[in-house]
Novice: 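The structure that follows is given in the form of structure tokens.
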Amino acid sequence: MTRVIVGLGTCGIAAGAEETYRSLAEKLSSGPAGVSLGRTGCIGMCYQEPLVEVRDGDGGRYLYGKVTPERAERIAAEHVGGGKPIPDWLVWSDSGAGTESDFLRKQTRIALRNCGHIDPEAIDDYLAAGGYEALRKVLEESDPDGLITRIVDSGLRGRGGAGFLTGLKWRFTRLAQGKRKFVICNADEGDPGAFMDRSVLEGDPHSVLEGMAIAAHAIGADHGYIYVRAEYPLAIRRLNVAIGQAEERGFLGDKILGTGFSLHVKLKEGAGAFVCGEETALIASVEGRRGMPRVRPPFPAVRGLWDSPTNINNVETFANVPWIVLQGHAAFAALGTANSKGTKVFAMAGKIRRGGLVEVPMGISIKDIVFEVCGGIKEGRKFKAVQMGGPSGGCIPAELQDTVIDYESINRTGAIMGSGGLVVMDDTTCMVEVARFFLDFTQRESCGKCTFCRIGSKRMLEVLTRITEGEGKEGDIELLEDLAVRTKSTSLCGLGQTAPNPVLTTLKYFRSEYEAHIHNRKCPAHRCAKLLTYSITDDCTGCTLCVKACPTAAITGEKLRKHSIDVAKCIACGACFKVCRAGAILRD
Amino acid sequence: MALVKLEIDGKRIIADPNRTILEVARENGISGIPTLCHDGQLEPFASCFLCVVKVRGARTLLPACATKVAAGMVVVTNDEEIRLSRKAALELLLSNHYADCVGPCQLECPAAVDIQGYIALAALGKYRDAVRLIKEKNPLPSVCGRVCTRPCEVKGCRRNLLDEAVGIDWIKRYVTDLDLGSGDAWKPEVAPPNGRRVAVVGAGPAGLSCAYYLAVRGYEVKIFEALPEAGGMLRYGIPEYRLPKEVLDLEIDQILSLGVTLQTNAELGRDFTVAGLKREGFGAIFLGLGAWASSEMRVKGENLPGVLSGIEFLKNFGLRRKIDIWGRVLVVGGGNTAIDCARTALRLGVKEVRLLYRRTRNEMPANAAEIHEAEQERVRMDFLVAPVRVIAAGDRVTALECLRMELGEPDASGRRSPKPVRGSEFTIDCDFVISAIGQATLVPRLLDGRVPDLLPAGEVLNLTRWQTIQVREGTGETSVEGVFSGGDVVTGAATAIEAIAAGRKAAHAIDSYLRGAGVRPEPWEFFSRKDTFKKVDLEDLRSRESAPRRQMPLLSIEDRVKSFVEVELGYTPEDLEAEARRCLECGCTALFDCDLRRYATEYGVDITRFLGEARECRIDRSHPLIDLDPNKCILCGRCVRICSEVVGEAAFGFLQRGFQTAVKPALGGSLLDTDCVTCGMCIGTCPTGAIAEKSSLAKPGPWKAERVSSVCPYCGVGCRLDHEAHGDTLVTVSRSEDETALYGKHCKKGRFGYRHVSASDRLAGARVRTGRALQETPIPGAIDYTAMRLRELTRRSTGSEMLVLVSPRLTNEEIYLAQKLARVALKTHNVTTTAHLVNPGLPCPDVVSTASYAEIADAQALLLVHSNLPEEHFVADLLVKQSLRKGGRLLYVHPEENRLARLAEVFLRCRPGTEPLVALGILRAVLDLRGGPVPDVPGLGEALAGLRGETLRERTGVDPALVERAAAILEKSILKTAILNKDYRGSRAAGDERWLAAAARGLGCSLLCLHEKANMQGLLDMGASPGWYPGYLPAGDEAVVEELEKEWCVALRDLDARPVDVAALLREKKIRVAVVLGEDPFGNPDVPADLIEGLLAADLLVVGDLFFTETAKMAHVVLPLSAPAETSGTYTNSERRVQRLRRVVPPPAGLETWEILVGIGARMGYRFKMKYAGTGEILDEIRRVAPIYASVDPDDGAGGIWDLSGFRLAAGELAPLAPAAAPGRTLPLDRLESGFRAWFEDLMEKARTAPR
């Protein structure tokens, strides 16, 4: 029996997968019998959405990319109907064919094991893939301490960013005194450009629920919360569906699988405050208070939700748990480096050819991710840096591309592993602007409590802004460094402690760009509009296109003669540069 | 938990690991850790990051306020890195602090006088205090009030944007003239002589100022003056009509009267030298030599007769030398000297005066007002004219040749420089030319080597290129060791106020120099100013109304030009009041207690370092008592937290995120729209001026107030409150500095209810009835009269015909004296209070607290009966909430569901009046649980019989299941307390308290009896009852009487000690003499008419009160009592804690209540039996007389609770339980409380309905 599966994650839907699905549904309903149409979450190849997989009756799997409704019709007709795959659109197949096969071949998928394969709204799909077997196993063993030891031994570290040993966190919560205990899944994925958690929740919600149930059993909790941002409506919908199904089948609720263990999971929608990803702020928000971090210790493991011991893990962490239980902690620990085990999911964005979601084993180098997995830089430009860890992270320059992915190595560069945002930059990226961009985000998202985070980051932003606008002053770099270091060391929570990272790492690796902005009033990457000057070279053909494009009538010249730009009138908008076909506009 | 050892700043400390580094450091005397967001009453928060410290091994600095101590910790609280971090935090906070610490007037004043402060004092009529404040910075205010160039007004005053500057200088002149003219002018306190001598050379403003501030510090100062009289330019440069010499003399005399000696006609270089002074033993020398040389015009013929130097002209006139001047006079120059010369010449009778100035009027450096006055006096002014040649006929001037000028481009100083117009020469005929184009110093002449031995050997006095003495900024230190300088000789011709400032600053530097601390400038102070962020403009003042400036009354022009009489006549009191009202109060009222500013000063912040965007917010004045200025908010969240953590409300909240984060009333509206209970706790915790009390005074200050710890006069909770006074004015009341969780709290009455002290209707004098009318009488006379009448009536009447009523707001000492007066002089035991007169069954004196507040806060279970705490005892309610937060469980017995009911774990809603039955029902259930016997208390067994199940429900309306739950909780708890309000206003019977007390005892609860009046417990303790002497010593006990006779030295055995019903005596009109202290039975609708009539029937009714009450109106004698804030003494609160009251301000009548009572006693012939040097001696006597008070120490913060073991009152009998059907009559509200309520509710009502 042939199965046709459409990727209907948020990325797919955004690319038009619903139309594709409708078109296929129409075609297939009138086509050959024995063909079923299904849906799945994101497989990670976001740059190729909409994706459609055809699973032949004989087990062959063919993944088509950029499947417009028109292409869908042809696939339905020629491949499903005619049994002839269309190699031109094939991005991957289990036979090794396909233009993008490198993308998947170099990955190791644990957290994403089911994403892009199963129907997230069908618990049976999950069960068929071995779902809830881990929970069953754990409950049968009924040995929370042994379980915790195995999780500790697996080396699984928190995938939310801080990288604390998950098993240890469980142990602290288990040992803490408290009448009630809670388990919380932190699904407040807030880094701009990061969507690992969303994809897991949309593509494989049960794995998270199962991970939570295992954790709850380990620590002795009977209530759980999933704190998920309200901006993820599809994830929320699928989670609700999954919770309903799991309760119906007895994987959640009272007396799970007939044992004495109960777990009630509730969704709590976050209102979009980045800081609520911080665990104490998250707890405050769940309790109905303003999301504001508090002093730790006491840590949530000791005093968390409603003052009770609480274990908080992020989505990806939980998604790893059932795999570890079933495959064994040794299998997990076999992957990765000495201190960083298993895999890590990254959301690849920026000037990269294959942007999307990848799950790679720890220990892989940045270079391999960028070039091997993701196919290198777009338009063949020069690789300049990667920004890791979202706005809290830092920039790692191309010179350090051999750095391997593990917590300690990344930290040494000044960046952080973070939750998995990875933005690739080429030589057209201005690093001052990058720092400004991320700082603008974090300073807006500061909860406002700590002086340095609230005002210090604002002042840093003002300095960065004036540098990018050509108003930089002597001493600005020193001022930035001073503020950045102080903000890092005198903020209560991770937001403030890491907000200066983009500034510090760009200063560390790209100081000359700052200096060029300040001393020479130049932006080496030609990004900062206010620092650019435009002039016309002898290549000018006098086509007058630029004259028409110029909004301030700064360009004059006779037809077919070399034109010139009146610097006094020019507002450096770059319109002429864009329209010139002769490459005669010199931007400096 | 086991204690831990750690080290802070090298000090080894043993501490509780639950405490934070900050707490532990402070407890161990390490007080240097700054913090803005910490408050001892609140949970650690850590937001300001000022308290950062270094902990060995930690990667970053840690906030001391939120980091718990741990074993082996090594903490450093201050080093360069920490200082830099704190400084950066402050600089960041202040980079977003759009606010003024002081008004721009003060910042513009060279002497930095607290202008807003003295205007506020002047507006209050506190002229002397205003003078004192001015003289902190300027010892010549009366002079300055006339001649100052007023940068405060011209450049400083924001009113200039709106209409015209406030008449700051004229206000100053008014208050100082009044002070100087009073014959008893204010004088500073002079430190004892320190034996060091300082020479001041030159008695001008700089020298005089320097001498003053040195003399105040105890130096022996000698001034040397070259001219015949002191004053310098003030005397010889400023004409009489601007500054009368007698004013100058008065002010100089003030300075000399501090012990400063003055030697005139002594000129440096001629009569003495610097080196000589040093040899004579002057440790330091101040050179205030002035700038007495005239600048030359540099034109031909300048030295001809008839061409005069302006400064010489004025000086000769000042020296009263004969001056021949006539005809047409030309004055060249545009400064004040030129104007002075012109106006002086006019007064000398010349025909015409013309003033020539080379620029235009706009550029004239002279004061605009003086230019105007000169013009009024018909001084003709020619602008854009410059002299080029003096034309003479023979050897006399006949004309001046001049050139026309035009203005060129602005020069570096911003002034447009004049340029000659070619060929525009013209001549002006004249008889005299006075050149007043500038002044220079005479120092170069002094230093040209002609004076031998001028300076000590090897020393060189450095000059600037302008030939003025070179000094160090801020100290006046010259290049010669021990020689300082200031004034015109340093700056060139400048203003008096600059010279005064320089003299003062030099005095400070000389002081530090002579004390061996090195030459130091006056300490720098940080001031935030709005103009740093954005120039304040008219738009910012849109809410202010325009009001024209009160102009200075002037002598008529005709009268002016004829004489040298002062032109400015001075303000009238009405002018002063109106002008003071015009002050916009730009400065912050928290100036003197703002922690942010204090730390900014301490850490020397540089506000320019992080300047950037600053939030500008609207100031919210919608609440009638609390102003919110979010511009000053530093987001420490203390208000948010104190409101939620301590008060249990949520009036404030954080809004928005990032840089835009703000603390605002919840939901962003007005405080009036929140659950704010107006307790004012937020004001007390705010570390800046962001939350401030709307001042009760005419102007908001700022007041540098003295804090005096005293006790709240309202309820029996007895909160300690700090009273803040500026001089004789009670400025405000704030929470006690004691930051521990139990104290430092208050309700709205305590916080805002202090206004009665300075109420305009306070009784300030005594009145005695003559005929039908009450006549104002001096207090001594009224005391004499009272004593005389009492003496006379005691002879004619028996003790049973006497009555003394005392208020439970009097102090223990006052009540003690009142009862002593009654028993010793009036021979009666009839001492009581109105409430007990009206309802004799109420006091139940045998039911007293056995619990302390600490027990409530720590209790595991609380049984609350006969009380609506939030309404009646707000702070006790806060303590209960504190207990609940810690896990305490509340059992609440009450007929109505109120806020407290919602907090209760078990709310036992009963029928009104059945509360004691419910409590007994709980006891019954507990006994059932325990299976124990009924306590052996007479009557209790019967009362408990069958009091369970449906019977209980029938009798009380309470669900028996709830009673069982309550019983189970109590049975499980070890620390448990029962709380009751002794003055409960709901339905109750007289004996209820005894039943409740018996139930509490049976339940194993300690008992807290709350009183509604501040000293009701003390009133009973002090024997204000016919039944017992102080300390509950039975009136009829012979041994007691014997002891007391010894102590009091009077016979007491003839007093009738039989039980007596005072109310019955009144009803039967048997009372002949009634002394009513602080009570107003006539003004109280709850007092039955027959009792009133009984009082009216007395032959003598003496009433003492704060106000002219209804009772006072009917009295024969009215005596003005002192308010609690006006006397020292003690109150005994509801936990039996004896607490100290301190006198904060003097009583309006001058005498304190105890002094009046002592006076009456003395005049009645008991001088030695009622002789006390102060209230301390009265308390000593109380300790001797009342055994329960023997060991009481009101100054022992933790102790002070009287000794229950000496309590001799037997438990009262349990009367049969009879639920009261209707609310019982209890203590009525008295004038103090009803006055507060009416005032408060009216304020709130008006604010709620006011347009916003």
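Each chain gets a letter, A, B and so on, in the order its sequence line appears, and its residues count up from 1.
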Novice: V286(A): what forms a side chain to side chain contact (heavy atoms under 4.5 Å, CB included) with it, not counting sequence neighbours?
Specialist: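 With sequence neighbours excluded, V286(A) shows a side chain to side chain contact (heavy atoms under 4.5 Å, CB included) to Y225(A), Y227(A), K268(A), L282(A), L305(A), given in chain and number order.
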Novice: Determine the option with the most heavy-atom pairs under 4.5 angstrom with chain A, choosing from L93(B), L61(B), V52(B), L50(B).
Specialist: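 Ranked by contacts with chain A, first place is L93(B).
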Novice: Does atom CG of L175(A) have more than 12 heavy-atom neighbours from other groups under 6.0 Å away?
Specialist: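 Buried by this count: over 12 neighbours within 6.0 Å.
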Novice: Counting only non-hydrogen atoms closer than 4.5 Å, does L655(B) touch chain A with its backbone (N, CA, C, O), its side chain (CB onward), both, or neither?
Specialist: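 For L655(B), backbone heavy atoms alone lie under 4.5 Å from chain A.
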Novice: Most heavy-atom pairs under 4.5 angstrom with chain A, which of L611(B), L62(B), L84(B)?
Specialist: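 Heavy-atom pair counts peak at L84(B).
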Novice: Please give me the minimum heavy-atom distance between A66(B) and V295(A), naming the atom from each residue.
Specialist: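 So the two residues come closest at CB-CG2, 3.5 Å.
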Novice: Does R171(A) have any salt bridge (Lys or Arg N to Asp or Glu O under 4.0 Å) partners at least two apart in sequence or in another chain, and if so, which?
Specialist: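 So R171(A) forms no salt bridge (Lys or Arg N to Asp or Glu O under 4.0 Å) with any residue.
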Novice: Between chain A and chain B, which N/O donor-acceptor pairs sit under 3.5 Å?
Specialist:
residue, atom, partner, partner atom, Å
G272(A), O, R657(B), NH2, 3.4
R290(A), NH1, F654(B), O, 3.3
R290(A), NH1, Q656(B), O, 3.0
R290(A), NH2, Q656(B), O, 2.6
E445(A), OE1, R657(B), NE, 3.1
E445(A), OE1, R657(B), NH2, 3.3
S446(A), O, G658(B), N, 2.6
K449(A), NZ, F45(B), O, 2.9
T451(A), N, S47(B), O, 3.0
T451(A), OG1, S47(B), O, 3.2
T451(A), OG1, C48(B), O, 3.0
R454(A), NH2, I634(B), O, 3.3
K458(A), NZ, E613(B), OE1, 2.6
R459(A), NE, S95(B), OG, 3.0
R459(A), NE, F610(B), O, 2.8
R459(A), NH1, E613(B), O, 3.0
R459(A), NH2, S95(B), O, 3.0
R459(A), NH2, S95(B), OG, 3.0
R459(A), NH2, E613(B), O, 2.8
E462(A), OE2, E613(B), N, 2.8
D482(A), OD2, R609(B), NH2, 2.8

Novice: If you draw a 6.0 Å radius around CZ in F164(A), do more than 12 non-hydrogen atoms from other residues or ligands fall strictly inside?
Specialist: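 Yes.
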Novice: Can you measure from CG (L483(A)) to CZ (F610(B)) and round to the nearest 0.5 angstrom?
Specialist: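 The CG atom of L483(A) sits 4.0 Å away from the CZ atom of F610(B).
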Novice: Work out which heavy atom in C450(A) is nearest to a heavy atom in A46(B); give both atom names and the distance.
Specialist: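 The answer is SG-O, 4.2 Å.
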Novice: Can you tell me which residue pairs pass the ring pair (Phe, Tyr, Trp, His ring centres under 6.0 Å) test with a partner in residues 440-477 of chain A, sequence neighbours excluded?
Specialist: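 Ring pair (Phe, Tyr, Trp, His ring centres under 6.0 Å) check on residues 440-477 of chain A returns F274(A)-F441(A).
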